[in-house]
J.: 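Supplied in structure tokens, the structure appears directly below.
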Amino acid sequence: MVRTEFEERFVSLRRGLIAREFQELNDKQREAVLATEGPLLLLAGAGSGKTTVLINRVANLIRFGRGSDTAEVDPKYGERELRVLEESEKSGVLSPEAEALCAVDPVEPWRVIAITFTNKAADELKARLSKRIGTGAEDIWAMTFHSACVRILRRSIDVMGISPSFTIYDTADSLAVMKRVLRELNMDEKIFPPKQVLGYISRAKDEMLFAPDYTAEAEKSRDPRKKLIARAYTEYSRRLLSSDALDFDDLILFTVKLLTDYPEVRERWQRQFKYVLVDEYQDTSVLQYRLASLLAGGTENICVVGDDDQSIYRFRGATIENILSFEKRYRDTRVIKLEQNYRSTGHILEAANAVIKNNLGRKGKSLWTSAGEGDRLTFRMAESDEAEAAFVANEIVSGVASGMRWSDFAVLYRVNAQSNRLEYAFKRAAVPYKVIGGTRFFDRAEIKDVTSYLCVVHNPADDLRLLRIINNPPRGIGPTTVERLRDIAARERRPILDAAADAAKYPELKSAAGKLMKFMELIMELRGLADSLPLDEFYEELLEKTGYVESLGDSDDALARVDNIRELKSNIVSYASSAERPTLGGFLDEIALYTDLDSPEMNEDSVPMMTIHSAKGLEFPWVFIVGMEENLFPSARSMNTEEDMEEERRLCYVALTRAQRRLVLTAAKRRLMFGHTTANTVSRFLEEIPAEHLDMPAKRAGFTREPDPEYLDWEYREGRRQERDYTGGFVSQRRAPRTPRPSPPQTIRTTAHPPAQKTLELKPGDRVRHRAFGEGDVVAVTPTGGDAMITVRFAVGEKRLMLNAAAQFMVKV
DNA sequence: ATCATAACGCTTTTT
DNA sequence: GCGTTATGAT
């Protein structure tokens, strides 16, 4: 056999054997796993097993290197080796020897970087990688863009003259700095809203314009407004720089700058990373795209995975262009489409396809499933947002009563503000729930205070955090002293704490010098402790020595705050036990980049509720999408341009494709929005769902956009109020309550002003049967207004319920 | 320094 | 409608 023939045979055998190791994948998925070399664009529809492909791809790289995707054959190999492969093919077992022959430069885990967009996605990736690969998986760079940048910057940023122990400013920090800057530049916050100015700066950074570049551009434009914004940008940057602080955008920007301007640094990282994978590529900004291609510059082994139909972060700078033009930028790009959906049943998928079809400018992709048609989607129009929430709670209780788990459900909404109504209704119905995202733990004042101490201890140049704590708890360092101190620090271009150390030198600080010295010594002492004590002990010392906890007092509010401070300690403990070399700086990085540390709690059995954005990448058996109304979803702000509307539609596509088996859409005829009752028409997206996939109470198609009484859940008929069954028809009235006199029939509360009458007379000792919790004994009844809070001991545990709401699920026995 | 009231702005979404 | 922040009174 001539050498080339031999090699062809060898290569094809090798590829076949490797492919066999990924038998559980479908053809397209396997193709994506085996195509290890060069640029690859993977268009992966919702629920197409995208993460599975990523995991297996990494597994393939680590086991077989480029074995599945190269024509090279080791010149040492000959007939004997070929026979080993043939044997393996025949036997169906990959022997260790054959496995070794199939591998071509198997790659070390730390040479693989898999970048995701959210922490949640990174966590999931890490978990699944370690399950699939086992040892070594933790060395894979599976993390978000921002964490990857922090890791690179910590190791290499010193060449740029920035301290490697730089501090990360989150959005709130940036805003606080910007507010100060604007005040000092005498820029009216009405004319220059701080958030908007930060937005301009953020966009400038995405175009790689630093403050001097932006200023030059502003000068050219002769736009006075832009010139002022340029001044704010300059001052903002100066402050961050002098505090050794980087904001979120800087993390990416400085990394790109570092890799662009410093060849030796670039080469160092390009030598390290042999394979770059980018998840959720449709959500990357131009800057992030640059970063990814810089990292992949060594080999051009860059694999991006995305779905143009799920691009929902355009507002933040993500550009769909990145995915639409990937092939243009990398010639020889291989493109693989994953269109088989393993998540949802037919009606759900068809509905999603139908909606997204209304968008122009997409790659064009149509999901299909081999699962059956399943149930049709359900739409219900409720009387009010409150009734809508009650309906959802009711449906969930019924579902649980028929054997489902709370965590089989999910409630999705467009904006976080919608969670209030739902929370209220869920509490009343005793539905355990968990709000994902929203007001964040680290945004709480007491947490910001305590972390500010940690930040200043770690980086004494952090003026922003220092100003937050210098007189908190009160130390007699008043606003006047602080003002003078800031002037001195600004004049001498040195950190505030530094200036405070020399307080005695300045006559204007004389009276406060003692207090300032004491504060400085406190920080210095804590710095010493931070180096010598384990993190958790150090934290205790800090709380003690600063007197912070003590200063809170013992009001109810303070107790809750102290609880939160304890909660932070448990975060420290869990960080200390998971990190290989826990440091204060490491912990601060973690909390700066982690918005929701509550992801582990997802395991508990409760109903998750979240925005559609947060739901991306997740799936649930039964999904409720609430607020399907014009002005809410699509949001009022998206009405101006077609691009914005298409983004909303993609958001809707994301929402619909979260559901596995059941999908319920709801709208409310009346809704409280920023304090006013508004009546919205039904969402246009609902109209885009073909009637055959949608189940509605009466009319099946062509419903009007006006709120239609036909779709109301409760209504007056012939002057009598009747309760309407959610499945369509009217049910007979509930038995009259056991009150001495006949009273109006029980209604589910649909208004803000509930009927005063009780629906069920209960006293401690009574026995009740609840649809979801079974039988239980009433332990306590506490009247509250026209309602009562009851405590019932069920087999599943003690529950506190609001009587009027619970009565619909409960009978006395 | 602490508390109370007034005023504001917020409803896109995340790192 | 709510939660945060600014302002002013004690």
Side-chain angles (χ1 to χ4, degrees), chain A residues 115-122 143-150 168-176 179 183 189-190 193-196 199 202 205-206 246-253 280 283-285 287-288 310-318 385 412-421 423-424 436-440 442-445 448 471-479 551 553 555 557 589-596 610-617 627 631-639 644-645 647-648 650-652 654-655 671-678 752:
Chain A
I115 310 174
T116 64
F117 212 68
T118 64
N119 292 307
K120 212 184 293 162
M143 55 185 82
T144 64
F145 271 104
H146 291 83
S147 352
C149 286
V150 168
I168 302 164
Y169 277 4
D170 67 16
T171 316
D173 297 326
S174 299
L175 192 66
K179 278 184 177 168
R183 216 169 302 151
E189 292 197 6
K190 295 257 161 42
K195 276 190 181 158
Q196 205 184 315
S202 184
K205 285 178 176 173
D206 199 53
L246 272 64
D247 67 21
F248 282 145
D249 294 325
D250 290 339
L251 294 177
I252 315 280
L253 179 63
E280 306 286 13
D283 289 334
T284 54
S285 65
L287 196 60
Q288 285 165 331
Q310 291 189 71
S311 162
I312 55 174
Y313 286 107
R314 207 179 64 106
F315 70 93
R316 179 175 60 179
D385 47 355
L412 309 183
Y413 36 77
R414 178 67 239 268
V415 294
N416 274 313
Q418 286 171 262
S419 72
N420 272 343
R421 282 293 131 123
E423 284 188 67
Y424 185 68
I436 313 288
T439 356
R440 287 155 18 188
F442 291 103
D443 285 342
R444 290 162 201 264
K448 288 233 137 199
N471 199 32
N472 180 13
R475 303 189 168 83
I477 304 174
S551 75
S555 65
D557 184 56
D589 279 354
E590 196 119 307
I591 64 176
L593 298 173
Y594 262 69
T595 48
D596 51 335
M610 67 192 92
T611 63
I612 299 165
H613 283 87
S614 323
K616 193 159 69 126
N631 296 322
L632 185 60
F633 191 26
S635 92
R637 300 200 180 187
S638 65
M639 305 283 179
D644 286 345
M645 186 53 70
E647 175 135 321
E648 291 284 311
R650 291 192 293 270
L651 195 56
C652 182
V654 169
R671 179 179 300 277
L672 219 50
M673 285 170 103
F674 16 72
H676 289 286
T677 304
T678 51

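To find a chain, count down the sequence lines: A is the first, B the second, and so on, and within it residues start at 1.
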J.: Checking contacts here: which listed nucleotide (dT15(B), dC10(B), dT14(B)) is nearest the side-chain heavy atoms of N416(A)?
T.: dT14(B)
J.: Which whole-number value in Å describes the distance from F315(A) CZ to dT15(B) C1'?
T.: 11 Å
J.: Tell me every residue that passes side-chain contact (heavy atoms from CB on, under 4.5 Å) with S147(A), counting only those two or more places apart in sequence or in another chain.
T.: M143(A), T144(A), L593(A)
J.: Quick check: do Q288(A) and I115(A) have side-chain heavy atoms less than 4.5 Å from each other?
T.: no
J.: Please classify the nucleic acid contact of L251(A) as base, sugar-phosphate, or nothing, using heavy-atom distances under 4.0 Å.
T.: nothing
J.: Send over the distance from K195(A) NZ to dG9(B) C1', rounded to a whole Å.
T.: 8 Å
J.: Counting only side-chain heavy atoms from C-beta out, which of dA1(B), dG1(C), dT15(B) sits nearest to T118(A)?
T.: dT15(B)
J.: Indicate yes or no for a side-chain donor-acceptor contact from D249(A) to the backbone of S202(A) under 3.5 Å, with no hydrogens or angles considered.
T.: no
J.: Side chains of M639(A) and N631(A), heavy atoms from C-beta outward: is any pair under 4.5 Å?
T.: yes
J.: Could you say whether H146(A) or D644(A) is positioned toward the 5' end of DNA chain B, judged by the nucleotide with the nearest heavy atom to each?
T.: D644(A)
J.: Check if the side chain of T171(A) and the base of dT15(B) share a donor-acceptor pair of N or O atoms closer than 3.5 Å.
T.: yes
J.: Compare the aromatic ring of Y313(A) with the six-membered base ring of dT14(B) and state whether they stack according to the 5.5 Å and 30° rule.
T.: no
J.: Can you tell me how far C1' of dT11(B) sits from CD of Q418(A), to the nearest Å?
T.: 9 Å
J.: Whole Å only: how far is the CD1 atom of I115(A) from the C1' atom of dT15(B)?
T.: 14 Å
J.: Strictly below 4.0 Å: does T611(A) bring a side-chain N or O up to OP1 or OP2 of dT14(B)?
T.: yes
J.: How do S147(A) and G476(A) order along DNA chain B: which one's closest nucleotide is nearer the 5' end?
T.: G476(A)
J.: From the set dA6(C), dA1(B), dT15(B), return the single nucleotide nearest to any side-chain atom of R183(A).
T.: dA6(C)
J.: For I612(A) and dT14(B), what is the distance between atoms CD1 and C1' respectively, to the nearest whole Å?
T.: 15 Å
J.: Can a donor-acceptor pair be found, under 3.5 Å and without considering hydrogens, that links the side chain of S638(A) to the backbone of M645(A)?
T.: no
J.: Nearest whole angstrom, please: distance from the P of dT14(B) to the NZ of K616(A).
T.: 11 Å
J.: Strictly below 4.0 Å: does N420(A) bring a side-chain N or O up to OP1 or OP2 of dT11(B)?
T.: no
J.: In whole angstroms, how far is the C1' atom of dT4(C) from the NZ atom of K448(A)?
T.: 13 Å
J.: Whole Å only: how far is the CD1 atom of I252(A) from the P atom of dT15(B)?
T.: 12 Å
J.: At under 4.0 Å between heavy atoms, what does S614(A) touch on the DNA or RNA strands: base, sugar-phosphate, or nothing?
T.: sugar-phosphate
J.: Closest to the H613(A) side chain: dG1(C), dT13(B), dT15(B)?
T.: dT13(B)
